[in-house]
Amino acid sequence: MNSVTVNTLKQYVEQEVELKGWLYNRRGSGKLLFLQFRDGTGTVQVVLSKKDVPEEVFEAAKRIGIESSIVVRGKVSKDERSALGVELHGTDLRVIQEVHDYPIQITEDVPNIDKLLDLRHLWVRSKRPHAILRVRSEVVQAIRDFYYQRGFVLYDAPIFTPASCEGVSTLFELPYFEETAYLTQSGQLYGETGAMAFGKVVVFGPTFRAEKSKTRRHLTEFWMVEPEVAFLELDGIMDLAEEQIRYVVQRALENCKEELKELERDTSVLEQISKPFPRIHYEEAQSVLQKLKDDFSRSSDPELQKLSGDILKNGLGDDLGAADETAIGLHYKQCVCIHHYPREVKAFYMKADPTGKYAMGVDVIAPEGVGEIVGGGQREDSLEVLEAQIKKHNIPPETVSWYVDLRKYGSVPHGGFGMGVERCVQWITGCTHVREAIPFPRTIYRLNP
RNA sequence: UCCUCGGUAGCUCAAUGGUAGAGCAUCCGACUGUUAAUCGGCAGGUUGCUGGUUCGAGUCCAGCCCGAGGAGCCA
């Protein structure tokens, strides 16, 4: 008897097989039972006829509740009525554990996300989280393949870090023997050391932000991929980000068809990814946004009118707001690179453009309300300018002396970016909450399970 | 930190200031082709907490607790 998995069942038509897994749902009648069986690789319908199995097996199958663990045997047969194309005509069923009070209903879904997140350790068995987390797995593998194929060296940055470079307010602090440590909020500065050592490196790991954000787009713990490359300037950084996003989305479209179908994801926007990303200078973005603000204010759609009111709220010389990103996404229906943000609003390590007014940074805005999925740019490579910036941002010089060393010993133009894995998965799957894009989300009010 | 909304059965939600109710799930039963099966039945409640107004509060008022969405900040 072959012990097989649901995803390979089609290879065993007309053969006797054994499946090990759990009861997902059951419909039935007095003499015929339809068991929806899942084993992690998929679900299949097991048809159990009273005349084909011993009396006690049929009675057990009638009695057991959702998520009872079972081993079933039977003959695989083609059936057009099944979504899988095959079903199993059961000849035997063995109950490993009988369950009667599984706390999640098959009909339960996203509206009561807080309840379901309390049960996340069980909810991951359900179809929707299952599909989203499989897409995440594919996205992560695609990211690793992309950089490996291009000769990047995987370069892990530490999670415990000493005093912050970008202000302590958004860092998690913890005792570290006789001193204080912080959980990393970016591996970038360490990535730069790797770029000078290996040329092309990629940092990939969890990052932590103690921001008190309560939105669909924020987690306190999330995974970030951060490539960093020596001799790469702003245009090249945008090329890299664009290629990487395109590769990841195409891998998901190719290898996660079933999952995206299960999620009822309209993939038409994702398919636009093959076109070049518009690249817009901050000043141009301002005029585009002004035009969108005017257009939306004349719209008959109340949503757009409301959005119009929030566009360009921050004013010239300031960062773009959430409404601005939403409007850009609506307008282009594609990922958009916005570069040359005002230097004042960006971090100390960003390289200034020749005017001194703008930073040679770039954000990639994903459409459909997900917002910024990538932030990065060219780093300041001049020792004098960097030291001036450190002073200007009131950063204690001793905390960044190792970083400044990189500008003393063979400084070159270089740069990179960071992409949030969960936001990328959120966009690809179309899930409303970024919390659904990671097995166990951490937010300001959630540490369990 | 600020703004808005919410908290009633396991879940989703009703209930002019006047006997707390329905659907789904659980449990019991019927059904030989069901696709979130269907049908019948039983059971299920400290209405988030504390206080107040009232003959009477799930409902009105005050404070608190918890949650959601958003702003800011960010990926």
Side-chain angles (χ1 to χ4, degrees), chain A residues 24-36 43-52 58 62-63 65-66 79-84 87 89 99-119 126-128 166-167 169-170 185-188 206-226 241 245 306-307 310 313-314 318-323 325-326 345-347 363-366 369-376 417-427 432-435 437-438 443-446:
Chain A
Y24 192 72
N25 196 12
R26 177 187 47 217
R27 290 175 282 275
S29 67
K31 299 192 178 83
L32 194 61
L33 288 178
F34 304 98
L35 307 178
Q36 306 303 314
T43 60
V44 67
Q45 174 159 278
V46 179
V47 184
L48 218 56
S49 175
K50 194 165 182 171
K51 66 177 176 11
D52 293 342
F58 193 80
K62 255 172 98 169
R63 189 177 64 236
I66 304 302
D79 197 304
E80 294 306 315
R81 290 165 290 192
S82 149
L84 196 64
E87 60 182 21
H89 286 275
V99 171
H100 284 284
D101 53 355
Y102 188 67
I104 299 176
Q105 290 177 41
I106 202 158
T107 54
E108 275 182 60
D109 217 333
V110 181
N112 47 345
I113 187 158
D114 193 48
K115 295 280 185 208
L116 289 170
L117 284 174
D118 283 341
L119 295 169
S126 298
K127 285 189 174 173
R128 179 183 168 87
E166 294 187 61
S169 63
T170 61
Q185 64 175 353
S186 163
Q188 181 210 312
T207 48
F208 308 86
R209 306 266 168 100
E211 294 157 6
K212 292 184 175 175
S213 302
K214 289 174 54 177
T215 80
R216 292 183 286 194
R217 306 186 310 280
H218 286 87
L219 296 166
T220 54
E221 176 182 323
F222 65 97
W223 283 66
M224 190 151 68
V225 55
E226 297 174 280
I245 293 169
K306 186 177 176 297
L307 186 63
D310 291 330
K313 229 162 53 176
N314 293 350
D318 220 332
D319 220 340
L320 299 183
E325 293 182 355
T326 304
V345 301
K346 289 295 177 185
D363 285 354
V364 179
I365 312 297
V370 174
E372 190 180 339
I373 60 169
V374 160
F417 62 86
M419 183 184 79
V421 169
E422 289 75 14
R423 283 202 185 159
C424 183
V425 173
Q426 180 187 9
W427 176 50
T432 41
H433 300 79
V434 72
R435 280 169 291 187
I438 185 168
T443 61
I444 178 170
Y445 295 129
R446 181 171 294 281

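Please read all numbers here as calculations on a predicted model, not as lab measurements. Just the heavy atoms: all of them, side chains too, but no hydrogens, waters or symmetry mates, feed the values below.
In this structure, CG of Leu48(A) is placed 12 Å from C1' of rU32(B), rounded to the nearest angstrom. Atoms CG (Leu307(A)) and P (rG70(B)) sit 14 Å apart, rounded to a whole Å. Look at CG on Asp363(A): it is 9 Å from P on rC74(B), rounded to the nearest Å. Distance, Leu32(A) CG to rU38(B) C1': 14 Å, rounded to whole Å. One can place CZ of Arg26(A) at 14 Å from P of rU38(B), the figure rounded to the nearest angstrom. Between the CG atom of Leu119(A) and the P atom of rC11(B) there is a distance of 9 Å, rounded to whole Å. Rounded to whole angstrom, the span from the CG atom of Asp79(A) across to the C1' atom of rU34(B) amounts to 11 Å. Between Lys51(A) atom NZ and rU32(B) atom C1' there is a gap of 9 Å when expressed in whole angstrom units.
Looking at the side chain of Val47(A), the nearest of the listed nucleotides rA36(B), rC27(B), rG33(B) is rG33(B). Nearest to the side chain of Arg423(A), among rU32(B), rA75(B), rG69(B), sits rA75(B). Among rA75(B), rG72(B), rG33(B), the nucleotide with an atom closest to any side-chain atom of Phe222(A) is rA75(B). In this structure, of rC74(B), rU1(B), rG69(B), it is rU1(B) that holds the atom nearest to the side chain of Lys212(A). Distances were taken from every side-chain heavy atom of His433(A) (C-beta onward) to each of rC74(B), rG69(B), rC73(B); the shortest belongs to rG69(B).
Comparing rU19(B) with rC31(B), their C1' atoms are spaced 38 Å from each other, to the whole Å. For the C1' atoms, the distance from rG17(B) to rC60(B) is 8 Å, rounded to whole Å. Across the C1' atoms, rG18(B) and rC64(B) are found 29 Å apart, a figure rounded to whole Å. A distance of about 24 Å separates the P atoms of rU47(B) and rC42(B), rounded to the whole Å. If you take atom P in rG7(B) and the same atom in rA43(B), they sit 28 Å apart, rounded to whole Å. When the C1' atom is used for both rG67(B) and rG48(B), the distance is 11 Å, rounded to whole Å. Taking atom P in both rU8(B) and rC49(B), one finds a spacing of 10 Å when rounded to whole Å. Rounded to whole Å, the separation between the C1' atoms of rU12(B) and rU26(B) comes to 16 Å.
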Q: Assess whether side chain to side chain contact (heavy atoms under 4.5 Å, CB included) is satisfied between Thr443(A) and Lys214(A), documenting all intermediate values.
A: CA-CA 8 Å; Thr443(A) 61; Lys214(A) 289 174 54 177; over 6 Å; no
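Between the NZ atom of Lys346(A) and the CG atom of Asp319(A) there is a distance of 4.5 Å, given to the nearest 0.5 Å. Atom OG1 of Thr432(A) sits about 6.5 Å away from atom CZ of Arg216(A), to the nearest 0.5 Å. The CZ atom of Phe34(A) lies 10.5 Å from the CG atom of Leu48(A); values are rounded to the nearest 0.5 Å.
Residue Gly375(A) is in sugar-phosphate contact alone, with no base atom involved, counting any heavy-atom pair closer than 4.0 Å across all strands shown. Here Asp310(A) lies out of heavy-atom contact (under 4.0 Å) with every strand. Gln45(A) comes within contact range of at least one nucleobase, with a heavy-atom separation under 4.0 Å. Counting any heavy atom pair closer than 4.0 Å across all strands shown, His218(A) reaches a base atom. Within 4.0 Å (heavy atoms only), Asp319(A) reaches sugar-phosphate atoms of the nucleic acid but no base atom. Across all strands shown, Glu226(A) has no heavy atoms under 4.0 Å from either base or sugar-phosphate atoms. Looking at heavy-atom distances under 4.0 Å, Arg217(A) makes contact with a base. As judged by a 4.0 angstrom heavy-atom cut-off over every strand, Gly28(A) is placed among the base-contacting residues. Among the protein residues, Leu219(A) comes within range of the nucleic acid bases, having at least one heavy atom under 4.0 Å from a base atom. At the heavy-atom level, Val421(A) lies nowhere under 4.0 Å from the strands shown.
Between Arg435(A) and the phosphate of rA68(B), there is a side-chain N or O to OP1/OP2 separation shorter than 4.0 Å. Contact check, Asn25(A) against rU34(B): no side-chain N or O comes under 4.0 Å of OP1 or OP2. Regarding contacts with the backbone of rA37(B), a side-chain N or O of Arg27(A) is found under 4.0 angstrom from either OP1 or OP2. Proximity of Lys214(A) to the phosphate of rG69(B): no side-chain N or O atom is located under 4.0 Å from OP1 or OP2.
Formation of a donor-acceptor pair under 3.5 Å by the Thr207(A) side chain with backbone atoms of Phe222(A) is found in this model. Panel note: side chain Arg423(A), backbone Val434(A); no donor-acceptor pair is recorded below 3.5 Å. In this structure, Glu422(A) contributes its side chain and Trp223(A) its backbone to a donor-acceptor pair below 3.5 Å. Judged by distance alone, with hydrogens and angles left aside, the side-chain atoms of Ser213(A) form no donor-acceptor pair with the main-chain N or O of Thr215(A) at under 3.5 Å.
Under the Watson-Crick and G-U wobble criteria, each requiring two contacts below 3.5 Å, nucleotide rA57(B) is left unpaired. Nucleotide rG69(B) forms a pair with rC3(B), judged by Watson-Crick or G-U wobble geometry with both contacts under 3.5 Å. Across all strands shown, rC64(B) forms a Watson-Crick or G-U wobble pair with rG48(B), both key distances being under 3.5 Å.
The side chain to side chain contact (heavy atoms under 4.5 Å, CB included) test with Val47(A) singles out one residue from Asp79(A), Leu32(A), Asp52(A), and that residue is Leu32(A).
An aromatic stacking contact between Phe34(A) and the base of rA37(B) is absent, as defined here by ring centres under 5.5 Å apart and ring planes under 30° from parallel.
Sequence order on RNA chain B of the closest nucleotides to Glu372(A) and Lys62(A) puts Lys62(A) first from the 5' end.
Not a single donor-acceptor pair, N or O on each side, falls under 3.5 Å between the base of rC73(B) and the side chain of Thr170(A).
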